[in-house]
Amino acid sequence: MTQPNHPADMTRLTWPEVVAALAAGTTTAIVVLGAQEQHGAHLPLATDSLWGEHLAAMLADRLGNALVAPVVPVGFSPEHMRFPGTISLRPETLAAILEDYVASLERHGFRRIVVLPSHGGNFAPLVDMLPSLRERHPALQIVAYTDLSGLVEAAAEVAESCGVTPNEAGAHAGEWETSMVLALEPTAVHPERGEAGYLGPLAPVFDLINREGMEAVTPNGILGDPAKARAKHGHVYLARMADLLAEHVRTGSG
Ligand SMILES: [Zn+2]
């Protein structure tokens with residue numbers, strides 16, 4: 001799952017290499033909040049962690065002064081718990097993990113922490129934990145990407161440019177995510193098991209999903225349709241998201 005030999009991957013560095021990176025001005029660390037949750041019958045449970053880690057490496061390339069911390073591989077996924085293999089942390093557990101990451105990174109000299117949720121369910125808990133996290137670390141710049149709708153809109157634009165409707169691209173295990181995993185780790189995809197899920201608009205069913213779980217809207221756990229997924233689309237999605245995130249971090253808007 002780890003990006004092979006990416007120079008920004010902190011898990012593959014030695015500690016003196018981290019010292020050298022910090023001394024050379026690489027003082028930003030990117031922390032991905034991933035997930036272990038169902039992604040239909042055709043994508044692996046670690047899908048969000050997998051593409052999140054690659055996206056973070058692409059963001060590090062664009063920033064030029066960042067390392068990628070170990071991905072937090074499990075997130076807040078109660079809406080997927082009907083599907084075996086899903087693991088969900090309580091929001092306070094997730095907050096405690098992020099706090100410990102940040103405290104460790106700050107102690108060694110990182111000055112800016114970029115928090116990147118690669119799973120939609122992690123966005124709301126992240127928003128809730130930010131004020132106290134920033135209060136405990138006033139010397140750090142903590143940049144969190146919390147604009148889920150901005151990400152979804154960017155993906156919808158990419159989808160349309162690829163001849164895919166936004167509803168097919170989908171918010172979960174549809175063409176969007178399937179294309180990204182095809183681009184990054186094709187052997188992890190089982191296209192023959194892919195099937196269409198819920199294809200209506202997301203806004204009207206968002207509350208229902210949060211209240212009763214994904215199965216209330218989509219028995220197969222999919223929002224979208226992976227049928228038109230292609231690796232080449234996946235590369236476009238990832239590049240677009242990396243550009244969007246780099247812009248967000250550079251403007252330092254929070
Ligand atoms: Zn996902």
Side-chain angles (χ1 to χ4, degrees), residues 1 31-56 58-59 71-89 94 115-126 145-156 158-159 164 166-186 188-191 193-199 202 205-206 209-210 213-215 217-218 220-229 231 233-238 240-242 244-245:
M1 188 176 95
V31 179
V32 174
L33 301 181
Q36 164 79 9
E37 66 183 30
Q38 72 81 19
H39 275 75
H42 65 296
L43 290 179
L45 291 152
T47 287
D48 296 338
S49 300
L50 189 157
W51 65 254
E53 181 166 46
H54 284 262
L55 181 62
M58 293 170 72
L59 175 59
V71 171
V72 179
V74 184
F76 182 61
S77 305
E79 72 276 23
H80 297 279
M81 281 305 290
R82 137 88 180 79
F83 300 88
T86 302
I87 299 176
S88 185
L89 301 179
L94 193 57
V115 188
L116 170 54
S118 61
H119 156 54
N122 288 340
F123 278 74
L126 174 59
Y145 186 79
T146 57
D147 182 14
L148 179 55
S149 60
L151 209 59
V152 171
E153 279 165 30
V158 172
V164 176
N167 287 348
E168 288 172 321
H172 191 79
E175 184 274 342
W176 173 14
E177 280 196 301
T178 306
S179 291
M180 292 196 295
V181 182
L182 281 172
L184 297 170
E185 202 174 311
V189 184
H190 309 281
R193 301 183 203 157
E195 50 183 31
Y198 174 75
L199 284 169
L202 203 53
V205 297
F206 198 69
I209 289 173
N210 283 333
M214 288 284 281
E215 65 273 24
V217 170
T218 170
N220 64 15
I222 297 168
L223 302 172
D225 183 353
K228 292 181 187 165
H233 300 173
H235 290 293
V236 184
Y237 282 115
L238 287 160
R240 178 62 180 276
M241 290 159 71
L244 181 81
L245 293 164

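One-based numbering, in listed order, for ligands and for the atoms of each.
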- request: Taking the side chain as every heavy atom from C-beta outward, state whether M214 and E37 have any pair of such atoms under 4.5 Å apart.
  value: no
For E175, the side-chain contact (heavy atoms from CB on, under 4.5 Å) test, sequence neighbours excluded, returns V164, A169, S179, K228, A229, H233, Y237
Check: Is there a side-chain contact between V32 and E53, using heavy atoms and a 4.5 Å cut-off?
Finding: no
Within less than 2.8 Å of the Zn ion (ligand 1), the count of protein N, O or S atoms comes to 4
Check: I209 and L223 side chains under 4.5 Å, non-hydrogen atoms
yes
Rounded to the nearest 0.5 angstrom, the CG-CE distance for L238 and M58 is 5.0 Å
Give me the ring orientation class for Y145 and F123: parallel if the planes are under 30° apart, tilted from 30 to 60°, perpendicular past 60°. perpendicular
